[in-house]
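Here's the structure, in structure tokens; my notes come after.
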Amino acid sequence: MEKRLIIAIDGYSSCGKSTFARSIAKELNYIFIDSGAMYRAVTLYCMRKNFIGKGGLNTGGVLWEIKDINIGFIYNPDINEYETFLNSENVETEIRSIEVSAHVSRISQIPEVRARMVELQRQIGVNKGIVMDGRDIGTVVFPDADIKIFMTASVDIRAKRRHDEMTGRGIVIDFEEIKRNIIARDIADENRDISPLRRADDAIILDNSRKTVEEQMSWIRQIIEKKINGS
Ligand code: DC
């Protein structure tokens, strides 16, 4: 039987990590997990309970309810994609809102939230054959991953991609606001105490500022081929 791999894709926000990870998973017939969606779903839950918002952060509330937060991914055959579910509710669209983006860094800094997400992520990856994207996949979640990629791209290109994606979904949003949010999240991701965003020593850097998804795919195919066949 062909060797099944764990592929970890980490990097800055809005670098196209999920698009890339999803394409790899489709090609290999692997599970794809967008770990950022899990932190976004927890954030949405906390916003609804007013644990985070204008009144600041109520960490005690988050900790009290963390065990009640269940996150899963369910395949939608109509769009041929997995969608994010929070306690049985499809939240795929809502977790992408700018409000969730504005609060997710605070929530993802809570150690107990991270511990719970890492536990769930490892459970999902137990049989290998998985491509997971995030910030700490190659460093913390799967330090023994077969392939680790660290993605980066210029801030302007990332802001433009996210802007196009949101306007494409009918959301009216200012480009500069998106750019500010991306810069703020880079700073938060790189400087948090627990599992900060950093390249694993054995991760390969991919700057996709000027690369199409197809170019990225031809690049990774060779790396995967070597890992599977050892050639
Ligand atoms: O990939 P994304 O932008 O959807 O992720 C949303 C937030 O979740 C991001 O600001 C940082 C956090 N995150 C994290 O801390 N660890 C991960 N493995 C994935 C995301």
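Keep in mind that this is a model prediction, so the values were computed, not measured. Just the heavy atoms: all of them, side chains too, but no hydrogens, waters or symmetry mates, feed the values below. Ligands are counted one by one from 1 in listed order, and the atoms in each one are counted from 1 as well.
- Residues passing the ring pair (Phe, Tyr, Trp, His ring centres under 6.0 Å) test with Phe142: none are found, sequence neighbours excluded.
- Given atom 20 (C) of ligand 1, the protein heavy atom at minimum distance is Gly36 CA, 3.5 Å.
- Across Met117, Met132, Arg135, heavy-atom proximity to atom 2 (P) of ligand 1 is greatest for Arg135.
- The N/O atoms of Asp136, backbone and side chain alike, include one that comes under 3.5 Å of an N/O atom in ligand 1.
- Within the 4.0 Å heavy-atom criterion, the part of Asp189 lying near ligand 1 is the side chain and not the backbone.
- With 3.5 Å as the limit, one finds no donor-acceptor pair spanning the side chains of Asp156 and Ser154.
- Looking only at side-chain heavy atoms (C-beta outward), Lys179 and Arg162 stay at 4.5 Å or farther from each other.
- For atom 12 (C) of ligand 1, the nearest non-hydrogen atom of the protein is Ser108 OG, 3.7 Å.
- More than 12 heavy atoms of other residues, nucleotides or ligands shown are found within 6.0 angstrom of CH2 on Trp219.
- Nearest to atom 3 (O) of ligand 1 among the protein's heavy atoms is Arg185 NH1, 2.8 Å.
- Enclosure of atom NZ in Lys160 is not indicated, since only 12 or fewer non-hydrogen atoms of other residues, nucleotides or ligands lie within 6.0 angstrom.
- Under 4.0 Å from ligand 1, not a single heavy atom of Gln109 appears.
- In terms of protein heavy-atom proximity, atom 4 (O) of ligand 1 is closest to Arg40 NE, 2.7 Å.
- For atom 19 (C) of ligand 1, the nearest protein heavy atom (residue, atom name, distance) is Ser35 OG, 3.3 Å.
- Residue-ligand proximity: Arg114 is placed with a non-hydrogen atom under 4.0 Å from ligand 1.
- For residues 14-61, no residue pair satisfies the ring pair (Phe, Tyr, Trp, His ring centres under 6.0 Å) rule, not counting sequence neighbours.
- At most 12 non-hydrogen atoms from other residues, nucleotides or ligands lie less than 6.0 angstrom from CG of Asp193.
- At least one donor-acceptor pair under 3.5 Å links the side chain of Asp34 to the backbone N or O of Ala37.
- Geometrically, ligand 1 and Arg192 share a nitrogen or oxygen pair separated by less than 3.5 Å.
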